[in-house]
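Here's the structure, in structure tokens; my notes come after.
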Amino acid sequence: MEKKSLEILIKNTNEFNITHILECGQVFRFKKHDFGYIVYASDKKMEVICQKNSTKIFCDDIEFVKNYFDMSTNYANIKKKLMVHNFMQKPIKEVYGIRILKQLPLEMLISFIISANNNIPRIKKTLEKICEKYGTNMGDYYAFPTIQQLANIPIEFFKKAGAGYRDKYLYETIKMLSNGYNLGRLYNLKTEDARKELIKFKGVGRKVADCILLFGFGKTDVFPTDTWVVKVYKELYGKNLPANKVSEHFEKLFGENGGYAQQYLYYERMIRNKKEKINDNNQKNCTTCGC
DNA sequence: GCCCAGGCACATG
DNA sequence: CATGTGCATGGG
């Protein structure tokens, strides 16, 4: 019983670049293929075909796709506002076309608890194992587990899946959820109040809460600060500041567009590090040119 | 072996 | 309020 697959065609512009959207660290359940990507979100699967001038997305629910990729927001307008600040120009030019995906709050809560002091490949692997074992079988993929399904997971499984010491944070958080905590209520709270609520969960501090607020609840006035953004601040202002102070600084500077600015700064800094590493390795391995 | 990764909980000044 | 420490685990 194959479901009918519908198609949406999106022109590649400075406001839509599928690689930058997926690789900028806001989403973990996707796989790269030679034709493009397959993206899994809540209980949906999206097949992304990359072409020269456009991107095709196949899914059985086109309205879901439009909402997921935030297609009703005017990104050109947002970028214009961000580029008032000179230091934003390079990141926006380098990693153009980022959009903030509208993801499932439950999936963000679990994903970003796992993300703390972790690396992206391992975060991906851990989430994949959880979905494969406990998510609903959708035929050729697995949905993200519901609260009821998550509540069936023994704590040992989280460690086996690679969550490490975060196993107890996941277990405690899921217990709170299955005892009736209403995550959806946070949509209607002001950012500051919603953040206080999220920090009540084990394994959720300021940074993890801000990622959930931005990627799960669409609160674009938050500016999540991780180790890379701390480096960005150091490079811009010449001094180190604790992460919460860095967040406060940029949230004041960018206001309602802080989340968009953060994605550009975070991703550009991370890409730059990756390039530097490759250069270092090339130098080490180079035995012929004497460089 | 070392250091680091989309930090947090917890203990202590 | 601020600062310091331990933490599972895999990759470079």
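Heavy atoms only: backbone and side chains are in, while hydrogens, waters and symmetry mates are out.
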Note to self: Between A:Lys274 and C:dG12, is there a contact of a side-chain N or O with OP1 or OP2 at under 4.0 Å?
What the structure shows: no
note: A:Asn118, atom CG; C:dA8, atom C1'; distance rounded to Å ~ 9 Å
Atom CD1 of A:Ile113 and atom P of B:dA5 are separated, to the nearest Å, by 21 Å
Here the distance between atom C1' of C:dA8 and atom CG of A:Asp167, to the nearest Å, is 9 Å
In whole angstroms, the gap separating C1' of C:dG11 from CD1 of A:Ile120 amounts to 13 Å
Numerically ordered, the residues 214-234 of chain A set in heavy-atom contact under 4.0 Å with DNA chain C is none
Please confirm whether the ring centroid of A:Phe215 lies under 6.0 Å from the ring centroid of A:Phe112. yes
Sorted by chain and number, sequence neighbours left out, side-chain hydrogen bond (donor to acceptor under 3.5 Å, both in side chains) with A:Asp167 holds for none
By side-chain hydrogen bond (donor to acceptor under 3.5 Å, both in side chains), A:Arg272 pairs with (sequence neighbours left out) A:Glu235, A:Glu268
Beyond-backbone contact of A:Tyr169 with A:Val204, side-chain heavy atoms, under 4.5 angstrom
no
Taken to the nearest whole Å, CZ/A:Arg122 to P/C:dC7 is 15 Å
B/S/- along nucleotides 8-13 of chain B (protein heavy atoms under 4.0 Å) is SSS---
| message | Suppose you measure atom P in C:dG10 against the same atom in B:dC8; what distance do you get, rounded to whole Å? | response | 22 Å
Counting just side-chain N and O atoms, does A:Lys245 come under 4.0 Å of either OP1 or OP2 of C:dA2? yes
Under a side-chain separation threshold of 4.5 Å, the hydrophobic residues clustered together with A:Val84 are none
By ring pair (Phe, Tyr, Trp, His ring centres under 6.0 Å), A:Phe217 pairs with (sequence neighbours left out) A:Tyr187
note: A:Asn244, atom CG; B:dG7, atom C1'; distance rounded to Å ~ 12 Å
Across all chains, not counting sequence neighbours, the side-chain hydrogen bond (donor to acceptor under 3.5 Å, both in side chains) partners of A:Glu197 are A:Tyr181, A:Arg185, A:Lys200
For residues 143-168 of chain A, the ring-ring contact (aromatic ring centres under 6.0 Å, His included) pairs (sequence neighbours left out) are A:Tyr134-A:Phe157
So side chain to side chain donor-acceptor pair (under 3.5 Å) across residues 221-233 of chain A, not counting sequence neighbours, yields A:Thr191-A:Asp221, A:Thr225-A:Ser247
Under a side-chain separation threshold of 4.5 Å, the hydrophobic residues clustered together with A:Ile155 are A:Tyr171
Residue pairs meeting ring-ring contact (aromatic ring centres under 6.0 Å, His included), one or both in residues 45-66 of chain A, sequence neighbours left out, come to A:Phe64-A:Tyr68
A:Leu198 atom CG is separated from B:dG7 atom C1', nearest whole Å, by 15 Å
Each base of DNA chain C marked ( ) or [ ] if paired in-strand (Watson-Crick or G-U under 3.5 Å), | if paired to another strand and . if unpaired gives |||||||.||||
Rounded to whole Å, the CD-P distance (A:Glu156 to C:dA8) equals 15 Å
